[in-house]
Asks: 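Here it is, the structure in full.
Just so it is clear, the model here is predicted, and its values are computed rather than measured. Note on naming: letters A, B, ... go to the chains in the order of the sequence lines (proteins, then strands), and numbering restarts at 1 for each one. Heavy-atom basis, side chains included; hydrogens, waters and symmetry copies ignored.
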Amino acid sequence: MEAGAEIFRSKDFGSETKFSLGTRKINSPEMGMDGWREIGKHSFTPLSLEETLLGGQSFVWTKKGSHQWRGVIGRSIVDLSLRNGRLSWRASLLHPFSEGELTKYLWIDGSYDAAIEEMPWRSDPVLRESLRAFSGLRILGQPFDETLFYFLLSSAKSISQIKSCGEAVALRYGEKLGFGIGSFPGWNRLCEVPEEELRKLKLGYRAKYVAGVADFLASRSGWLEETASLPYEKAKARLMEMPGVGQKIADCALLFGAGKLEAFPIDTWMDKSLERRYGLEGWSLSQKLTFARVHFGKFAGLAQQFLFSSERRGIFA
DNA sequence: CATGGACCTGTTTCC
DNA sequence: CCACGCAGGTCCATG
């Protein structure tokens, strides 16, 4: 399916420049980037796209303008634009990204609507209100290794701090991609980095976790990939064998980086949500988790994201 | 099995 | 402007 490769000429996209790549002449609004293309069918609203990209499940996206975002997925730089309900994208020429990869990353296909339908919103007014407020909110399909890395940095840090620590590591040890962006270096590369170096990049005590996980993986070739392919419970138990990976981080890595949609990470926001909106004051963490998995079902992780956003952005306040 | 403090450091709030 | 509490979690020691 070929969406028209239209070149936007709006002033929002900067002045148009021409340069050659091999023998082809390329018109591109920005050096090193391909032209804009539109993705026909999607159900994002400005709010749900913003919340999907910047709301705490990913730390690789930056807002470039009121309707535009830039992110790095693997080694590809990807721009997204949502104007008047039209979703458009472009990727770096050096490390291209296909439309198929993007629609998978953004979960743009019928299985999203099916997942929404399967959630218990008919009997749950709290969830129903969240779905209404953040209509179109998705779980992203991010690279597993990188997702694990970012969430290893997440303890007692805010989104902006996690983002800048991760960016610093990527810029220092990853591939330089231009635009001041680096790629995730990969665990093999991180294994060569002393903990002290990571501490200099402001990771604090999390540096020990990163170094520990890198060491752990160095002696286990294929371990992460194998873990991602295991059923949820098995995969979670395996992730928790690693230093610095407890219940919450394991669930985040599996939900956001391995497509385990039944994973239900409980952080302080979700803890508050379950207590205040579902009356679970006094329940232990494991009781809350059991309640959530039973009540929300197969797509508990998606429900979690709606409730998380609602709590964080205060729609019930 | 539940509870509580330590672990880094940037940010917020209070003198 | 400085000192102090706290933060999207994990680990280890206690009761």
Side-chain angles (χ1 to χ4, degrees), chain A residues 50-61 130 134 137 139-140 142 146-169 172 190 193-217 235-257 260 263-278 280-292 300-317:
Chain A
E50 169 99 357
E51 193 65 14
T52 299
L53 300 176
L54 307 180
Q57 62 172 304
S58 174
F59 305 94
V60 300
W61 290 92
S130 292
F134 293 95
L137 182 71
I139 299 294
L140 295 170
Q142 303 177 77
E146 178 179 330
T147 306
L148 172 64
F149 167 74
Y150 272 96
F151 279 97
L152 222 34
L153 308 183
S154 70
S155 99
K157 273 189 180 299
S158 65
I159 292 175
S160 66
Q161 292 178 121
I162 299 164
K163 195 170 177 312
S164 63
C165 279
E167 282 171 356
V169 172
R172 178 84 179 71
L190 288 177
V193 180
E195 181 184 326
E196 275 316 305
E197 294 290 307
L198 295 172
R199 284 186 180 256
K200 285 180 194 154
L201 297 179
K202 317 291 186 193
L203 301 214
Y205 60 84
R206 303 155 198 85
K208 183 157 44 99
Y209 299 155
V210 172
V213 166
D215 272 346
F216 182 97
L217 292 174
K236 181 171 177 179
R238 267 178 64 134
L239 280 184
M240 289 175 64
E241 293 172 21
M242 295 193 288
V245 182
Q247 179 144 225
K248 193 270 181 183
I249 289 178
D251 274 332
C252 285
L254 290 172
L255 177 59
F256 305 128
K260 307 295 186 196
F264 192 92
I266 299 183
D267 64 352
T268 57
W269 288 102
M270 280 313 298
D271 194 52
K272 189 162 38 162
S273 175
L274 291 169
E275 293 192 352
R276 306 218 299 224
R277 317 300 168 202
Y278 291 88
L280 304 193
E281 293 96 346
W283 291 42
S284 73
L285 200 59
S286 78
Q287 287 173 321
K288 285 170 181 159
L289 190 53
T290 300
F291 166 86
L302 180 58
Q304 177 271 162
Q305 205 58 27
F306 279 96
L307 296 171
F308 174 88
S309 291
S310 301
E311 206 63 41
R312 202 173 69 89
R313 308 270 296 221
I315 72 157
F316 296 123

Asks: So which protein nitrogen or oxygen atoms get under 3.5 Å of nucleotides 10-12 of chain B's nitrogens or oxygens?
Replies:
residue : atom : partner  : partner atom : Å
B:dG10  : OP1  : A:Lys202 : NZ           : 3.4
B:dG10  : O4'  : A:Gln161 : OE1          : 3.1

Asks: Mind checking the CD-SG spacing from A:Gln304 to A:Cys252? Nearest 0.5 Å is all I need.
Replies: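 Rounded to the nearest 0.5 Å, the CD-SG separation comes out at 7.0 Å.
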
Asks: Could you state the OH-C1' distance from A:Tyr150 to C:dG9, rounded to the nearest angstrom?
Replies: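 Taking OH of A:Tyr150 and C1' of C:dG9, I get 19 Å after rounding.
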
Asks: Can you tell me the distance, in whole Å, between the CD atom of A:Glu195 and the P atom of B:dC7?
Replies: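 Atom CD in A:Glu195 sits about 14 Å away from atom P in B:dC7.
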
Asks: Take atom P in B:dC15 and the same atom in C:dC6, then report the distance between them in whole Å.
Replies: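 After rounding to an integer number of Å, I get 14 Å for this pair.
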
Asks: Looking only at atom P, what distance separates B:dT13 and C:dG8, rounded to whole Å?
Replies: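 Result for the P pair: 14 Å, nearest Å.
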
Asks: To the nearest Å, how far apart are A:Lys200 NZ and B:dT9 P?
Replies: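 The distance from NZ of A:Lys200 to P of B:dT9 comes to 13 Å, rounded to the nearest Å.
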
Asks: Are A:Phe134 and A:Ile315 side-chain neighbours, meaning at least one heavy-atom pair lies under 4.5 Å?
Replies: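 A side-chain contact exists here, since the closest heavy-atom pair is under 4.5 Å.
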
Asks: Indicate the atoms forming the closest heavy-atom contact of A:Leu137 with A:Leu302, along with that distance.
Replies: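 In this case the closest contact between A:Leu137 and A:Leu302 is O-CD1, 4.0 Å.
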
Asks: Rounded to the nearest 0.5 Å, what separates atom CG in A:Leu307 from atom CH2 in A:Trp269?
Replies: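 Atom-to-atom, A:Leu307:CG and A:Trp269:CH2 are 13.5 Å apart.
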
Asks: Using every non-hydrogen atom in the two residues, find where A:Phe264 and A:Asp251 come nearest and quote the distance to one decimal.
Replies: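 Heavy atoms only, the tightest pair is O-OD2, 3.7 Å.
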
Asks: Counting any heavy atom closer than 4.0 Å, what does A:Tyr209 reach on the DNA or RNA strands: base, sugar-phosphate only, or nothing?
Replies: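 Base: the residue A:Tyr209, judged by heavy atoms under 4.0 Å, touches a nucleobase.
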
Asks: Tell whether A:Arg206 reaches the base of B:dC7 with its side chain through a donor-acceptor pair below 3.5 angstrom.
Replies: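 Answer no: no donor N or O sits under 3.5 Å from an acceptor.
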
Asks: Check the distance between B:dA2's P and A:Asp271's CG and give it to me in whole angstrom.
Replies: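 Going from CG in A:Asp271 over to P in B:dA2 covers 14 Å.
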
Asks: Tell me what A:Gly55 touches on the nucleic acid: a base, only sugar-phosphate, or nothing, going by heavy atoms under 4.0 Å.
Replies: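 Counting heavy atoms under 4.0 Å across all strands, the contact made by A:Gly55 includes a base.
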
Asks: Taking the P atom of each, how far is C:dA7 from B:dC14, in whole Å?
Replies: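 The answer is 15 Å between these two P atoms.
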
Asks: Sort out the partner of B:dC8 for me: Watson-Crick or G-U wobble, both distances under 3.5 Å, none otherwise.
Replies: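 B:dC8 is unpaired by these criteria.
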
Asks: To the closest 0.5 Å, what do you measure between CD (A:Gln287) and OG1 (A:Thr290)?
Replies: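 The distance works out to 7.5 Å.
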
Asks: Closer than 3.5 angstrom, by distance alone: can the side chain of A:Gln142 be matched with the main-chain N or O of A:Gln57 as a donor-acceptor pair?
Replies: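 Between the backbone of A:Gln57 and the side chain of A:Gln142 there is a qualifying donor-acceptor contact (under 3.5 Å).
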
Asks: If I pick the C1' atom on B:dT11 and the same atom on C:dT10, what distance separates them, to the nearest angstrom?
Replies: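 Those two atoms are separated by 22 Å.
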
Asks: Should A:Tyr205 be counted as stacked on B:dC7, where stacking needs a ring-centre gap under 5.5 Å and an angle between planes under 30 degrees?
Replies: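 Ring-base stacking flag set for A:Tyr205 and B:dC7.
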
Asks: For C:dG8, what is the paired nucleotide under Watson-Crick or G-U wobble rules, both distances under 3.5 Å?
Replies: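 Base partner found: none.
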
Asks: Starting at the 5' end of DNA chain C and moving along, which residue's nearest nucleotide shows up first, A:Ile159 or A:Met240?
Replies: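 Its nearest nucleotide lies further toward 5', so the answer is A:Ile159.
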
Asks: Between atom NZ in A:Lys288 and atom P in B:dA2, what is the gap in whole Å?
Replies: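 So the two atoms are 12 Å apart, to the nearest Å.
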
Asks: Mapping A:Gln304 and A:Pro243 onto DNA chain C by nearest heavy atom, which one lands closer to the 5' end?
Replies: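 Checking each residue's closest nucleotide, the 5'-ward one belongs to A:Gln304.
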
Asks: A:Leu153 has an atom CG; how far is it from atom C1' of C:dA7, in whole Å?
Replies: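 Those two atoms, CG and C1', are 15 Å apart.
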
Asks: Would you tabulate the nitrogen or oxygen pairs shorter than 3.5 Å linking the protein to nucleotides 13-15 of chain C?
Replies:
none

Asks: To the side chain of A:Ile249, which of C:dA7, C:dG8, C:dT10 is closest?
Replies: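 Among C:dA7, C:dG8, C:dT10, the one nearest the side chain of A:Ile249 is C:dT10.
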
Asks: Side-chain contact, heavy-atom cut-off 4.5 Å: A:Arg312 with A:Glu51?
Replies: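 Heavy-atom side-chain distance check passes, below 4.5 Å.
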
Asks: Side chain of A:Ser284 only, heavy atoms from C-beta on: which candidate in C:dA7, C:dG8, B:dA2 is closest?
Replies: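 Nucleotide nearest to A:Ser284's side chain: B:dA2.
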
Asks: To the nearest angstrom, how far is A:Leu307 atom CG from C:dG8 atom P?
Replies: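 Those two atoms, CG and P, are 18 Å apart.
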
Asks: To check you understand the geometry: which heavy-atom pair defines the closest contact between A:Gly301 and A:Ile139, and what is its length?
Replies: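 Smallest interatomic distance, heavy atoms only, reads O-CD1, 3.8 Å.
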
Asks: Is the number of heavy atoms from other residues, nucleotides or ligands under 6.0 Å of A:Arg199 CZ greater than 12?
Replies: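 Count over threshold, so yes.
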
Asks: If we check ring pair (Phe, Tyr, Trp, His ring centres under 6.0 Å) with A:Phe256, which of these qualifies: A:Phe308, A:Tyr150, A:Phe151?
Replies: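 Exactly one pass, corresponding to A:Phe151.
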
Asks: Quick one: is B:dC8 close enough that its OP1 or OP2 comes under 4.0 Å of any side-chain N or O from A:Arg199?
Replies: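 Indeed, a polar side-chain atom of A:Arg199 lies that close.
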
Asks: Which is true for A:Met242 with a 4.0 Å heavy-atom rule: it touches a base, it touches only sugar-phosphate, or it touches nothing?
Replies: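 Sugar-phosphate, backbone atoms only, no base.
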
Asks: Can you tell me the distance, in whole Å, between the NZ atom of A:Lys163 and the C1' atom of C:dG8?
Replies: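 Atom-to-atom, A:Lys163 to C:dG8, this comes out as 17 Å.
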
